[in-house]
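This report refers to the structure that appears directly beneath it.
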Amino acid sequence: MDDYYKVIFYILFGSLIMAFILASSFQSIITSPIIQLHKLINKIYVNKDYSIRSVYDSKDEVGHLSRGFNNMIKQIEKQNIDLINSKEIAESSLKAKERFLANMTHELRTPLNSIVGITSLLSETELNQEQKTYLENINLSSEHLLAIINDLLEFSKLGSGKLQIEKNEFNIRRTLERIKNTMQYELEKRKLHFSFKVDPDVPHFIVGDEYRLNQILINLVGNSVKFTPKGSIEIAINILSETESNIKLEFRVKDTGIGIKEEKQKIIFDSFTQESNGTTREYGGTGLGLAITKQLVELQEGKIKVESIKGQGSTFIFNIPYLKKTLFTQKKNKESKAEINIPANEKILLIDDNAMNLTFTKSILSKSKFIVDTALSAMEALQIIEEKDFDLILMDLHMPEMDGYELSGKIRNSTNEKTRCTPIIALTAAATSNEINKCFDVGMNDYLIKPFKTEELISKILNLTNEVK
Ligand code: ADP
């Protein structure tokens, strides 16, 4: 019986050893390649290196797994290379698009500047009725073209995220006065009544981007003027919410115009959309104005919507959060509240080497009651500045001998304090950020891109001359 147990024991022991030997050899054949594969996956994951491959190439299942894994990694590597290539192509075509747009707008602005200038000069001469009508049409068309170029430029800047929102203290009631002054000519021409209603609790001074608010309101009021054959336009400002340091204002631009169909109200804020296909034919425009306006409102963390009844009028409602001014500055600024209207007899020095541009800009300024001296070169300007004081200087950037940058540098280094502090606006046909940055670097206060609209010119001048006072 003992022998019997011994035999059983040896058989069991033998089988155990056999099982152990078999398991060890299986481990080197199956488990170890799988462990290697696992290490490889980790290495790829950590180093993001998709060029690594598994080296097992046997005919068995582990070999299949290894080859399958290699194929998968190869595909990921190829997809990654494709993605990098497409990203590079997209980036370079975006840059090319921006460059093209900047160059095109520059190329278009230069001849347009001449058309606008010559038209204006021609309108000052003796003309018969027929010629006057033709000239008016040229004027309308060039203004339309200018609006399109400006819209495209603004749109491309917004698209590339290049617009920055400023935070400065400004008088909101004065902003409205200025909009009224800017639109006066169009409003009178169309016999439209214009008014604004500001809640008396809205503070006189708030902190935010006045230039962008002005742009939004001009776009909306401009549309109202365009789409209102008769009646009135009103801007209303109310407080939506308020804390100790912040104030959210609601703006309403209301007109009694043609109105917008309900189904179109949602899409008019999209780029290149108008209420109907006949809109451009009848009223002009590109369908970009509201898309730009919406982006400008949202860039300032606000919202915009429209309420309208076809045939009865439209109200565009938007809100923007602002910061409040401290009590001290409010009081200080209230004292200087009187300078709201266009101040007459501001003295301006205008410098441009192009005689036609000079005459044209001078005629615009003189019509707006500014007293204008002109210089055809930087040298001549320096002489005039020695003899007289000015409230503002407008200068072309590209002039022979001494350009606008050098001249500004000389003015900013003048020994005469009044001269040193005179606001300078650059006039340029180039809309590149490089050129504009250079203007600010040499101490200029603002810039205007040629051809400019009269309202734009006046508004920039008033901005600076009022600031100085
Ligand atoms: P544009 O005026 O250049 O065509 P906008 O984006 O400013 O482009 O306006 C888009 C469209 O919305 C206009 O073509 C017009 O159909 C409609 N619209 C805008 N404002 C008004 C308004 N105040 N009254 C009626 N329709 C308007």
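Every value quoted in this text rests on a predicted model; they were computed, and no experiment measured them. Indexing begins at 1, ligand by ligand and atom by atom, following the structure's order. Position 1 is the first residue of the sequence, and the numbers go up from there.
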Side chain to side chain contact (heavy atoms under 4.5 Å, CB included) between Leu176 and Ile235, worked out: CA-CA 8 Å; Leu176 294 186; Ile235 303 181; 4.0 Å; yes

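- Contact between Thr422 and Asn445 at its shortest, heavy atoms only, is O-OD1, 4.3 Å.
- Remark: ligand 1 atoms within the under-4.0 Å shell around heavy atoms of Lys226 are 1 (P), 2 (O), 3 (O).
- Numbered from 1 in the order shown, with element, the atoms of ligand 1 that lie under 4.0 Å from a heavy atom of Gly259 read 25 (C).
- For Glu130 and Tyr134, the side-chain atoms include at least one donor-acceptor pair closer than 3.5 Å.
- Taking every heavy atom of Gly289 and a limit of under 4.0 angstrom, the matching atoms of ligand 1 come to 5 (P), 6 (O), 7 (O), 8 (O).
- The side chain of Phe316, and not its backbone, has at least one atom closer than 4.0 Å to an atom of ligand 1 (non-hydrogen atoms only; side chain from C-beta on).
- Counting only N and O atoms by type, the side chains of Arg252 and Asn238 include no donor and acceptor under 3.5 Å apart.
- In this structure, Ser314 counts as a contact residue of ligand 1, since one of its heavy atoms falls inside 4.0 Å of the ligand.
- The backbone N or O of Lys230 lies less than 3.5 Å from a partner atom in the side chain of Thr256, making a donor-acceptor pair.
- Residue-level proximity to ligand 1 for Lys264 is absent, since no heavy atom of it falls below 4.0 angstrom.
- By the 6.0 Å and 45° rule, Lys294 does not stack over the aromatic ring of Phe318.
- Residue Asp255 holds the heavy atom nearest to atom 23 (N) of ligand 1 of all those in Asp255, Leu290, Ile260.
- Counting the atoms of ligand 1 from 1 in the order shown, those under 4.0 Å from a heavy atom of Ile268 are 12 (O).
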